[in-house]
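Everything on this sheet refers to the single structure shown next.
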Number of protein chains: 2
Amino acid sequence: MKLEKAAAQLEALGNPTRLQLYRILVRAGDGGLAVGSVQGKLDIPSSTLSHHLKRLVDTGLVTQERQATTLICRANYPGMNALIGYLADECCADATCAPAVGKALA
Amino acid sequence: MKLEKAAAQLEALGNPTRLQLYRILVRAGDGGLAVGSVQGKLDIPSSTLSHHLKRLVDTGLVTQERQATTLICRANYPGMNALIGYLADECCADATCAPAVGKALA
DNA sequence: ACGCTATTTCCATATTTTTCGAAATTGTGT
DNA sequence: ACACAATTTCGAAAAATATGGAAATAGCGT
């Protein structure tokens with residue numbers, strides 16, 4: 001993973017509304033959630049939600065799939081794993097936390 | 001960890017310059033690095049560096065300690081571990097990646 | 001084709017971030 | 001007290017982000 005991409009993903013998650021949005025999608029599980037359903041849970045205008053969603057999709061943290069008129073959104077676990085892996089690598093250049101996190105993402 | 005704090009830390013890391021800065025501190029290890037030394041490696045004005053550093057310190061990702069006239073900066077591993085733990089928890093509400101990451105931060 | 005719902009794009013505005021030169025501050029040694 | 005080095009604060013400009021109303025688009029059922 002390149003530093004620029006990691007930074008873009010971190011920035012995407014570094015907004016309370018988007019982090020909440022991502023959380024909602026994660027908790028929705030494999031079934032995902034329609035944009036409209038997410039909007040109901042977040043209670044923000046659709047245009048605002050669309051902007052935030054686009055950011056998460058563009059950075060590879062969320063995927064979308066059409067089902068009739070609704071758009072199903074899903075958290076992209078491999079994308080998040082790659083990001084966590086990058087952070088762990090950066091963090092664990094030192095031994096302090098290497099034993100703990102190193103195993104996980106090997 | 002609260003969502004707001006996680007978002008603040010993610011946003012702090014979500015800037016290429018700051019992520020690079022954090023990387024440098026991680027690679028410097030326990031000894032840390034003086035602000036001036038970091039500046040030499042990043043080649044940015046001291047005032048700009050100071051702002052970025054402050055952001056990392058304020059969000060709990062970096063610590064500072066005075067040694068004579070120089071300020072030693074260190075990556076705060078527990079802070080990063082807490083953040084990774086939060087991300088892993090969010091990510092692993094689903095089973096897809098729970099087995100792998102769950103063990104690491106238990 | 002039409003009507004309906006779901007979602008995005010367009011547009012504008014308020015806010016925040018980024019950047020950095022210049023001045024101020026802090027701490028040490030003499 | 002003074003000089004010097006290291007770092008921060010001040011102040012200000014440019015750029016990016018966040019937000020949302022209104023209009024446009026996409027896709028399905030009839």
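Below, read A as the first sequence line, B as the second, and so on, with proteins coming before strands; counting in each chain starts at 1. The model shown is predicted, which means the values in this text are computed figures rather than measured ones. Worth knowing before you read on, the calculation uses all heavy atoms, side chains too, and leaves out hydrogens, waters and symmetry mates.
- B:Q39 comes within 4.0 angstrom of nothing in the nucleic acid, heavy atoms only.
- Across all strands, A:H51 comes closer than 4.0 Å to base atoms (heavy-atom distances).
- Put simply, NE2 on A:H52 is 18 Å from P on D:dA16, counting in whole angstrom units.
- Panel note: side chain A:R74, backbone A:D30; a donor-acceptor pair is recorded below 3.5 Å.
- With distances taken from any side-chain atom of A:P45 to the nucleotides C:dT7, D:dT7, D:dG20, the minimum falls on D:dG20.
- With hydrogens and angles ignored, the 3.5 Å screen pairs a side-chain donor or acceptor of A:Q9 with a backbone N or O of A:T59.
- To the nearest angstrom, C1' of C:dT16 lies 13 Å from CZ of A:R18.
- Here C:dA6 presents its C1' atom at 7 Å from CZ of A:R66, a figure rounded to the nearest Å.
- Whole-Å rounding puts the B:E11 CD to D:dA16 C1' distance at 12 Å.
- For the pair B:L53 CG and D:dT8 C1', the computed distance is 11 Å after rounding to whole Å.
- Mapping A:T17 and B:S37 onto DNA chain D by nearest heavy atom places B:S37 at the nucleotide closer to the 5' end.
- Residue whose closest nucleotide on DNA chain C sits further toward the 5' end, between B:R55 and A:L71: A:L71.
- The CG atom of A:L33 sits 14 Å away from the C1' atom of C:dA6 (whole-angstrom rounding).
- In the interface, the side chain of B:T69 is not paired with the base of C:dG27 through any donor and acceptor atom under 3.5 Å apart.
- In terms of phosphate contacts, B:N15 brings no side-chain nitrogen or oxygen within less than 4.0 Å of OP1 or OP2 of C:dT17.
- Here A:Q67 lies out of heavy-atom contact (under 4.0 Å) with every strand.
- Between the P atom of D:dT7 and the CG atom of B:L21 lies a distance of 13 Å, rounded to the nearest Å.
- Residue-level contact check: A:T48 touches the bases, meaning some heavy atom is under 4.0 Å from a base atom.
- With respect to B:L19, the side-chain contact (heavy atoms from CB on, under 4.5 Å) criterion is satisfied by exactly one of B:L56, B:L13, B:I24: B:L13.
- Side-chain N or O atoms of A:Q39 include one that pairs as donor or acceptor with a backbone N or O of A:I44 at under 3.5 Å.
- Remark: P of C:dT18 and CG of B:L42 are 15 Å apart, rounded to the nearest angstrom.
- Within the structure, a side-chain polar atom (N or O) of A:S50 is placed less than 4.0 Å from OP1 or OP2 of C:dT8.
- Results of the side-chain contact (heavy atoms from CB on, under 4.5 Å) test with B:C73 over B:L21, B:V35, B:L33 single out B:V35 as the only residue that passes.
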